[in-house]
Every structure is written in C-alpha cells, then in structure tokens.
Amino acid sequence: MITIQALQLPAVLPDAFWHSFLTFVSEERRAQAARFVHQADAYRSVLGEVLTRITLSELTGVPAKELSFSRNAYGKPCLVHNPHVPFNVSHSGDWIALIAGGTAEVGVDVEKIAPIDLQIAERFFSPQENAYLAAMPADQQNHTFYRLWTLKESYIKAIGTGLSLPLDSFAILPKGLGQGPADELCWQCTQTGHAELTGQNQSNSQSVHQAEGRNDRVMQHRFYSQPLDAQHMLAACASDGELPMNPEIVTLDQIYTRFVEGR
Ligand code: COA
Ligand code: MG
C-alpha cells in the first residue's frame with residue numbers, strides 16, 4: 001500500500017528532539033546540517049531523513065539506524081539492501097512529505113507557494129501546459145502554476161532521471177481538460193513528440209496514439225495534487241497502484257514516539 005505522510009515543521013525544534021534526531025541520521029547529513037546557514041534548511045534535511053528511516057524501518061523490519069542508502073546516477077535515493085522498496089521525500093517551506101510503499105516507482109514534491117513571474121512557465125512547461133495555464137482566470141494562475149510544477153516534479157522524481165528529462169518533453173494535464181474543481185481533477189501525463197515510437201514497442205506503462213501527426217505516449221502513471229495549506233502545494237506520482245485519497249498528517253510528537261520505538 002502506498003502512503004503519503006506530511007510533517008509540518010515548527011519554527012524551533014525542542015533541543016532534546018533535535019539532538020536525538022541528529023544522532024540518528026547519516027554522517028553526511030549531520031555534516032550537511034552543520035553547514036546550512038539557515039536552521040530551517042537543517043531541520044528540513046534532517047527531519048526528511050528521520051521520517052524516511054522510521055517509515056522504511058516499519059516497512060522492512062530493519063532497525064532504522066541500520067538502513068543504508070545509495071543513489072542512482074541522478075541522485076534518487078534507494079535502500080542498499082532492499083532496493084525495490086519505493087520511497088521518495090521532498091521538503092520545502094514548512095513541510096516535509098514522504099511517499100512510500102507499494103511496488104511501483106514513486107515520487108513526491110512539495111513547494112512553498114510564492115508569487116512568481118509566469119514567464120518561468122513559458123521556459124519550462126510544454127506548450128500544452130502553457131495553454132492550460134494561460135486559459136485559467138488570472139487569480140488562479142499562480143496556484144495552477146504550482147500545481148503543474150509540483151506534478152511535473154513528482155513525475156521526474158518517480159522516474160528518477162532528474163532534469164535529464166527535458167521538462168517540456170511531457171505534459172501533465174487533467175483528463176478531460178479542466179472539468180470540475182481543481183482539487184478533484186484526475187491528472188494524466190503525456191510524453192510528447194516521440195516520432196520514433198511505434199505501437200509495437202509500447203510497454204504496460206504507456207499507450208501510444210497519434211496526435212497532430214506525431215506519436216504521443218500517454219503514461220499510465222497516477223497522480224495526486226492538493227494544497228497542504230494556503231502556502232504549500234503537494235503532488236505525488238506512482239507508476240502503478242493506487243495513491244491514497246489524502247496525505248497522513250503526522251506530528252513531531254508522533255515522529256519522536258515512532259523514532260524511540262524504532263531505534
Ligand atoms: N529523483 C528523485 N528523487 C531525488 C532525486 C532524483 N533524481 N535526486 C534527489 N532526490 C530526492 C532526495 O531524497 C532529496 O532529498 P535529500 O537531498 O534531502 O536527500 C529530495 O529528492 C529533494 O526533493 P525536493 O525537496 O523536492 O528538492 P528540489 O525540488 O530542490 O529538487 C530534484 C528536486 C531532486 C528533482 C532535483 O533534480 C532538482 O534540482 N530539481 C530542480 C527543480 C525543478 O526544476 N523542478 C521542475 C518542476 S517543473
Ligand atoms: Mg521539489
């Protein structure tokens with residue numbers, strides 16, 4: 001079963017929690033935490049690993065401190081001894097989000113919402129996404145930008161190739177284009193303009209159709225998109241399986257209890 005957990009960080013962590021958590025993470029993470037100028041960056045980084053370790057320990061039965069991680073060529077972490085246990089973490093602003101479980105590739109992204117220059121979208125989004133964004137009422141464009149941004153990032157994080165996949169080479173848009181309230185939309189990813197692809201080499205995770213004279217691949221990935229609060233957008237992606245209806249909001253006290261039990 002795939003779960004999404006979201007943890008809201010306090011401005012200041014109790015010392016006892018912080019020092020315990022620091023002893024729990026990898027040496028690299030401790031060293032990185034010491035180098036951050038802003039304490040909030042250190043909290044996000046360390047708590048992201050703590051939530052990951054606790055959850056993966058519960059999933060695998062391996063004590064949290066004994067879990068070791070490696071990364072693929074693009075930086076996506078996996079467990080060394082259980083490389084097929086899916087998980088992915090994201091942190092931004094006041095929130096940390098972790099997706100874990102199931103058997104498919106998963107990715108998650110949380111972004112703090114700020115006013116943005118919509119020209120950024122023109123640089124990074126596909127033409128189809130830009131058309132969708134431009135058709136939104138002006139007062140919804142910033143929010144929609146973050147929805148698309150987090151969805152796109154959750155997808156590249158699920159497939160694990162980072163930004164080596166050009167961001168304008170795929171479009172994530174609602175099925176049936178924009179019917180109904182944004183929070184209830186069902187999102188779908190299409191990889192655009194793959195002229196070399198034929199119907200014979202499609203895999204289970206995609207179907208191929210002709211659109212405007214080129215082959216587009218409709219990916220079977222599932223998506224989740226909801227704001228966590230007025231200032232943070234969350235998106236998640238799984239290459240297969242059911243995503244939960246809602247994230248599980250976890251508190252720092254709960255994390256600490258699980259941490260003590262899982263040591
Ligand atoms: N695939 C999946 N997960 C990855 C990853 C990869 N290639 N590389 C790192 N991660 C994981 C790590 O666990 C990392 O946390 P850690 O460094 O504390 O261990 C976590 O993802 C960071 O995710 P997030 O908090 O969302 O960071 P980010 O938004 O700064 O970075 C990446 C996102 C990792 C995908 C990175 O490739 C990047 O720099 N992206 C730029 C942002 C962007 O252009 N997004 C496109 C949206 S349209
Ligand atoms: Mg991100």
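Nothing here was measured: the structure is a model prediction, and the numbers come from that model.
Shown here for F170 and C189, the closest heavy-atom pair between the two residues is CD1-SG, 3.9 Å. Here the closest heavy-atom approach between residue A238 and residue V106 is recorded as CB-CG1, 3.9 Å.
At least one donor-acceptor pair under 3.5 Å links the side chain of E49 to the backbone N or O of S26. The closest donor-acceptor contact from the side chain of H232 to the backbone of D94 lies under 3.5 Å. A donor-acceptor pair under 3.5 Å is formed between the side chain of Y146 and the backbone N or O of A114. T161 places no side-chain N or O within donor-acceptor distance of the main-chain N or O of S164, the cut-off being under 3.5 Å. With hydrogens and angles ignored, the 3.5 Å screen pairs a side-chain donor or acceptor of N72 with a backbone N or O of G160. Within the 3.5 Å criterion, the main-chain N or O of E105 finds a donor-acceptor partner in the side chain of S239. Using a distance-only test at 3.5 Å, with no hydrogens or angles considered, no donor-acceptor pair links the side chain of E111 to the main chain of M233. Of the possible polar contacts, one joining the K65 side chain to the T23 backbone as a donor-acceptor pair under 3.5 Å is found.
Ring-plane geometry between Y132 and W187 is classed as perpendicular, the angle between the planes exceeding 60 degrees on a 0 to 90 degree scale with a lower cut at 30.
The aromatic ring centres of F125 and F145 sit less than 6.0 Å apart. Annotation: F21 is not in aromatic contact with F24 [ring centroid separation under 6.0 Å not met].
Put simply, the side chain of N130 does not reach to within 4.5 Å of the side chain of D168, judged on heavy atoms.
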For H84 and T103, run side-chain contact (heavy atoms from CB on, under 4.5 Å): C-alpha distance rounded to whole Å, both residues' side-chain angles, the deciding distance at 0.1 Å, then the answer. CA-CA 7 Å; H84 302 301; T103 54; over 6 Å; no
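Applying the 6.0 Å contact sphere to OH of Y74 captures no more than 12 heavy atoms from other residues, nucleotides or ligands.
Side-chain atoms of T192 and Q128 include no donor-acceptor pair closer than 3.5 Å.
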